[in-house]
Amino acid sequence: MLAGARGPGWQGNVGWGLHSGLGRAGSGIILLSHDFFVVWQLPLLHCAQRMFASQTEGELKVTQILKEKFPRATAIKVTDISGGCGAMYEIQIESEEFKEKRTVQQHQMVNQALKEEIKGMHGLRIFTSVPKH
């Protein structure tokens, strides 16, 4: 079931995700933001292992695609926020290509660049900006 609730102060930053209940107290992870909430059941050990790992294969792949699609980007950060399984990512990208485009258009550009990868994801959070000179 997809669940989401947008809050004030986060205009244009879209998030969505898979919603499921926690089985036992402490057996899962809850992600909260003003944009949305996501509850996933993940073993705590799996989450702990992810905290100490370098970039995942999925993060590297998404980063490489974004570098190719946005060659003028000054900053690209891709984070697997699903504990390392590749189900949900947070993307922060700063690029001149977004100049004079509305936030929804910027996000559409990112979605178009990642359209094949998105097919295998449960969720994606996108934050776009134009470099400040």
Side-chain angles (χ1 to χ4, degrees):
M1 170 173 128
L2 291 179
R6 298 193 64 166
W10 289 86
Q11 294 179 4
N13 294 323
V14 177
W16 51 275
L18 181 67
H19 174 81
S20 66
L22 291 176
R24 295 180 315 234
S27 67
I29 186 170
I30 301 173
L31 306 172
L32 298 170
S33 80
H34 288 97
D35 277 344
F36 72 106
F37 68 91
V38 178
V39 179
W40 257 303
Q41 284 189 285
L42 297 173
L44 291 179
L45 180 60
H46 180 72
C47 294
Q49 289 173 340
R50 172 65 181 116
M51 290 185 341
F52 299 108
S54 59
Q55 277 195 303
T56 66
E57 191 175 311
E59 288 169 337
L60 292 171
K61 181 178 180 182
V62 171
T63 300
Q64 184 58 40
I65 292 167
L66 292 172
K67 284 180 180 179
E68 291 171 9
K69 300 290 183 173
F70 298 96
R72 294 170 43 200
T74 54
I76 297 175
K77 182 178 178 188
V78 177
T79 306
D80 184 337
I81 56 175
S82 64
C85 66
M88 185 167 183
Y89 291 92
E90 178 177 290
I91 295 172
Q92 298 173 19
I93 183 168
E94 181 180 270
S95 179
E96 285 290 332
E97 283 111 331
F98 300 139
K99 193 172 186 173
E100 298 183 12
K101 294 195 178 359
R102 291 178 288 132
T103 303
V104 70
Q105 293 171 313
Q106 296 171 11
H107 290 200
Q108 288 170 340
M109 293 169 66
V110 174
N111 282 324
Q112 181 62 31
L114 297 173
K115 69 180 180 180
E116 289 303 313
E117 287 68 31
I118 288 173
K119 291 176 184 178
M121 295 179 193
H122 291 291
L124 181 63
R125 292 183 65 192
I126 299 172
F127 298 89
T128 55
S129 62
V130 177
K132 295 174 179 71
H133 297 163

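Owing to the predicted nature of the structure, the values given are computational and were not obtained by experimental measurement. Below, all heavy atoms of this structure are taken into account, side chains as well, without hydrogens, waters or symmetry copies. Each residue takes its place number in the sequence, starting with 1.
- To the nearest 0.5 angstrom, His107 atom NE2 is 11.0 Å from Arg125 atom CZ.
- Under a 3.5 Å cut-off, the side chain of Glu96 and the backbone N or O of Arg72 do not form any donor-acceptor pair.
- Rounded to the nearest 0.5 angstrom, Thr74 OG1 and Lys132 NZ are separated by 10.0 Å.
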**Study point:** Residue pair Val104, Gln108: steps toward the side-chain contact (heavy atoms from CB on, under 4.5 Å) verdict
**Key:** CA-CA 6 Å; Val104 70; Gln108 288 170 340; 4.2 Å; yes
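- Between atom CD1 of residue Ile93 and atom NZ of residue Lys69 there is a gap of 12.0 Å, rounded to the nearest 0.5 Å.
- Side-chain atoms of Lys115 and Ile118, non-hydrogen and from C-beta on, never get closer than 4.5 Å to each other.
- Contact check for Met121 versus Glu117: side-chain heavy atoms found under the 4.5 Å cut-off.
- In this structure, Gln64 contributes its side chain and Lys61 its backbone to no donor-acceptor pair below 3.5 Å.
- In this structure, Glu68 places its CD atom where more than 12 heavy-atom neighbours from other residues, nucleotides or ligands lie under 6.0 Å away.
- Looking at every heavy atom in both residues, Asp80 comes nearest to Cys85 through OD2-N, 3.4 Å.
- Taking CD1 from Ile65 and CG from Leu114, the interatomic distance works out to 6.0 Å, rounded to the nearest 0.5 Å.
- Across Val78 and Gln55, no two heavy atoms sit closer than the pair O-NE2, 3.9 Å.
- The closest side-chain donor-acceptor pair between Gln92 and Glu90 falls under 3.5 angstrom.
- Pairs of residues two or more places apart, or lying in two chains, that qualify as ring-ring contact (aromatic ring centres under 6.0 Å, His included) and include a residue from residues 71-104 are Phe70-Phe98.
- Atom CD1 of Ile81 and atom CD1 of Ile91 lie 10.0 Å apart (nearest 0.5 Å).
- Atom-to-atom distance recorded for Gln106:CD and Lys99:NZ is 12.5 Å, nearest 0.5 angstrom.
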